[in-house]
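Throughout, a chain's letter reflects where its sequence line sits, starting with A, and its residues are numbered from 1.
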There are 2 protein chains.
Amino acid sequence: MPEGTSSTGRPPSDGSTRDRIRDAAVLRFARSGFGTSVRTIAADAGVSPALVIHHFGSKDALHRACDDFVLRWIVAAKRQNMGRAAGGQLLQVMAEVDEFAPLLGYAVRSLQAGGEVARAFVQHMIEDAQVYTREAVADGIVKPSLDEDARVRYLVLSSLGTLLLSLTLDPPDDPEDFGANVRAFMTEQYLPMIELFTQGFLTSRRMLDDYLLYVGDPPSGTGTDPEPDPEHVPETTSEER
Amino acid sequence: MPEGTSSTGRPPSDGSTRDRIRDAAVLRFARSGFGTSVRTIAADAGVSPALVIHHFGSKDALHRACDDFVLRWIVAAKRQNMGRAAGGQLLQVMAEVDEFAPLLGYAVRSLQAGGEVARAFVQHMIEDAQVYTREAVADGIVKPSLDEDARVRYLVLSSLGTLLLSLTLDPPDDPEDFGANVRAFMTEQYLPMIELFTQGFLTSRRMLDDYLLYVGDPPSGTGTDPEPDPEHVPETTSEER
DNA sequence: GGACCGGCTGAACACTTGTTTAGTCTGTTG
DNA sequence: CAACAGACTAAACAAGTGTTCAGCCGGTCC
């Protein structure tokens, strides 16, 4: 490895004071949210509040600089962990690496606040899930969908949203330890999730077909058996492909 | 109807200034979040900031009073709309009634901020979904689950979380109009959701059974066929019960 | 009538926020 | 060496926050 940094994809920081401030800000924002005062960040960086403004112009500009940095970090991290991530598990994999804690903390805070980083983050997760799903459908592991893009988007929004909500509903003792928190979340929600993914929820195609009829789409989908059949289709059959 | 209020279950307000302040606070909190200043609320209520503190003691106490009020409102509204809500659709039903807008706005803000109201709100939605799911399973509309409680909790967290995240990712033009926002959300996410509910996502029981084995639970569940069978169970069969 | 009391207010207080200003130090450049 | 430039700071500023204080006003009680 040429740089001191390992395989986390973290953009390099020369030792410059400016970078030290930015790093401290990213850490603080991740830890305490974007409401953190300039004075706190300055203290973290061992520097006067005035210098923060001197280097970045304003707090908003500092925020933007942090966003930029984290964004670059995200794309690099994704590239680095392309092969390693066992398909759609991008988040779980990253949660296990301590070096990613600030990145994920910052991402979570952004997801709660909205904004560009949030959108970019879910976009990356969507793209990741897209290639995984495509492969899995081709391999016969995952059923095809009537609208692959919509499904992937829904699945990402759903898993991230569930995690986020469950984090704010009962905040963990140590919000820093992202790995532990994701693990705790999974032990709680994995069974119902995987069960839903395995057997679905409804016994008949009724609601789906009704909706397809309602939106004017002929219910001869790509995903499942072609004929809706009146009244109570026996089961979610699926000879895929 | 004995009171002036219709069937929204909203707790009555005598015309007292104290109640007027509380009402204004609930509205403003719902509209602009809990960061809203005492001065703004006072202005909304047509009153001096000092009077707000005079009546409630502090801003935090005012916040608590609003929480109490909204909480009482929620349980009353649920009671009122018991029969009307077509099963697990509690949120959609309420979103269509304008009078509930402040309640739902306040609930959303609380879900983003955490706290008691948030927990109580999802708890009520869980209980509502529980009775619906029980009936639906009995009627053969919904498949049984290995852990009904966990499933219901997951489903509620998932739908609320998805809605919340999608609201913060691209904030609607008019955050006030809860009905329109929920409708927009549904037209985007209903198809993938109902498809997942109908046919599931995975083609085999593999992952589910592996997990059941991993946690030491014998995979002879209530939900599906009793025998795991080595290698590739053909399909998500389900003669329930 | 006079005293009291609670609703109510304008003004101020104490504090925190982001930002500015004036100025010091350090190193580089002519 | 003088001069300039940029990193850096202490102190102050302006605005916003929640809260307090002294006092006014209108009604009720002795």
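- For the OP1/OP2 pair of D:dG16 and a distance below 4.0 Å, the side-chain nitrogens and oxygens of B:Ser37 include no atom meeting the criterion.
- Residue A:Ser58 places no side-chain N or O under 4.0 Å from the OP1 or OP2 atom of C:dG18.
- Using bins of under 30°, 30° to 60° and over 60° for the plane-to-plane angle, the ring pair A:His63/A:Phe29 lands in the tilted bin.
- Looking at B:Arg10 and B:Glu99, no side-chain N of the basic residue comes within less than 4.0 Å of a carboxylate O on the acidic one, giving no salt bridge.
- Side-chain rings of B:Tyr211 and A:Tyr190 approach one another, their centers coming within less than 6.0 Å.
- Comparing B:Arg20 and B:Arg39 by the nucleotide of DNA chain C whose heavy atom lies nearest to each, the residue mapping closer to the 5' end is B:Arg20.
- Atom NE2 in A:His54 sits about 8 Å away from atom P in D:dC8, given to the nearest Å.
- The pair B:Asp67-B:Arg64 does not count as a salt bridge, with every side-chain nitrogen at least 4.0 angstrom from each carboxylate oxygen.
- For A:Ile53, whose side chain is taken as the heavy atoms from C-beta onward, the closest listed nucleotide among D:dA10, C:dT19, C:dG7 is C:dT19.
- Comparing C:dC8, C:dT20, D:dC8 by their closest approach to the side chain of A:Thr17 singles out D:dC8.
- Within the structure, every side-chain polar atom (N or O) of B:His55 is placed at least 4.0 Å from both OP1 and OP2 of C:dG7.
- Across C:dG10, C:dC8, D:dA7, the shortest atom-to-atom separation from the side chain of B:Leu51 is found for C:dC8.
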